Amino acid sequence: MENIKVSIESPVKYYDFMDQHGEVLATLRFVPSDIDIFERYHKAYGVFKNMYKELEALNRDQLTDEESTEIKNKYASELKGHFDNLFKADTSGLFDVASPFTPLESGEAWALVILKTVQKIVEEVTGKNFKAMQSKASKYTEKYHAGPGKYPFPVK
């Protein structure tokens, strides 16, 4: 028996991430107005920032090339998982171009450029900046984090 198809209007948008030469690096499908994207964005940004600090703090002189590559690959893989979660989609196309920690000519890491681009997209779609949106969102979700032990639901 064939499935019954039901068509609904979806908030999903498709974005072509292009380089300065006009080449499409990746096409991502995500919902920029998703209220949960703020939390996922801040989590991905925090993870990136912490990893970047840890990588900078490593004494590369005391590591073999294999150890250095293994650490970088481990962090890159973990960060890619956070990006997949941020977009709720496969982001591997963005990282086929370069590792998340690759520095660009501007000095910024590749992953940071992607994060800033996502922030601009979300701010443009919603018409609000990230800080304002996060405080508004927390007003509605605060009651769900108010239970004893920070349960994700109210507890009497």
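It should be emphasised that the depicted structure is a prediction, and the values quoted were computed from it without experimental measurement.
- Under the rule for a side-chain hydrogen bond (donor to acceptor under 3.5 Å, both in side chains), Lys72 has no partner lying at least two apart in sequence or in another chain.
- Residue Phe17 is tested with Thr27, Val24, Leu94 for a side chain to side chain contact (heavy atoms under 4.5 Å, CB included); the sole match is Leu94.
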Quiz item: Step by step, would you call Val12 with Phe30 a side-chain contact (heavy atoms from CB on, under 4.5 Å)?
Solution: CA-CA 5 Å; Val12 171; Phe30 69 104; over 6 Å; no
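- Taking the side-chain hydrogen bond (donor to acceptor under 3.5 Å, both in side chains) definition, one finds that Glu54 meets it with Tyr75, sequence neighbours left out.
- Expressed to the nearest 0.5 Å, how far CD1 of Ile35 lies from CZ of Arg40 amounts to 11.0 Å.
- Counting heavy-atom neighbours within 6.0 Å of Asp19 CG, excluding the residue itself, gives a total above 12.
- We find the CG-NZ distance between Asn73 and Lys80 to be 7.5 Å, quoted to the nearest 0.5 Å.
- Checked by atom type and distance alone, the side chain of Thr102 pairs as donor or acceptor with a backbone atom of Ser99 at under 3.5 Å.
- Aromatic rings of Phe95 and Phe83 (six-membered ring for Trp) have centroids within the 6.0 Å cut-off, being under it.
- Between Met18 and Glu23 there is no side-chain heavy-atom pair separated by less than 4.5 Å.
- Of the possible polar contacts, one joining the Thr69 side chain to the Asp65 backbone as a donor-acceptor pair under 3.5 Å is found.
- Closest heavy-atom contact between Phe48 and Pro100: CE1-O, 4.3 Å.
- Evaluation of the salt bridge (charged side-chain N to carboxylate O under 4.0 Å, His left out) rule for Glu67 yields no partner, not counting sequence neighbours.
- There is no path of hydrophobic side-chain contacts, each under 4.5 Å, that joins Ile121 to Val31.
- Ring geometry for Tyr41 against Tyr45 counts as parallel: the plane angle stays under 30°, on a 0 to 90° scale with 60° as the upper cut.
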Quiz item: Taking it one step at a time, do Phe101 and Leu79 satisfy side-chain contact (heavy atoms from CB on, under 4.5 Å)?
Solution: CA-CA 10 Å; Phe101 302 105; Leu79 188 60; 4.0 Å; yes
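- Side-chain contact check for Val122 versus Ile37: some heavy-atom pair is nearer than 4.5 Å.
- Within the structure, the side chain to side chain donor-acceptor pair (under 3.5 Å) test picks out the following pairs touching residues 103-116 (sequence neighbours left out): Glu108-Lys116.
- Counting heavy atoms from C-beta on, the side chains of Arg29 and Lys13 never come closer than 4.5 Å.
- If you chain together hydrophobic residues whose side chains sit under 4.5 Å apart, Leu104 and Val97 fall into the same group.
- Annotation: side-chain hydrogen bond (donor to acceptor under 3.5 Å, both in side chains) contacts of Asn3 (sequence neighbours excluded): none.
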Can I get a per-line list of side-chain donor-acceptor pairs under 3.5 Å for residues 85-93, giving both atom names and the distance, sequence neighbours left out?
{"from": "Asn85", "atom 1": "OD1", "to": "Lys88", "atom 2": "NZ", "distance (Å)": "2.8"}
{"from": "Asp90", "atom 1": "OD1", "to": "Ser92", "atom 2": "N", "distance (Å)": "3.0"}
{"from": "Asp90", "atom 1": "OD1", "to": "Ser92", "atom 2": "OG", "distance (Å)": "3.0"}
{"from": "Asp90", "atom 1": "OD2", "to": "Ser92", "atom 2": "OG", "distance (Å)": "3.2"}
{"from": "Thr91", "atom 1": "OG1", "to": "Asp84", "atom 2": "OD1", "distance (Å)": "2.6"}

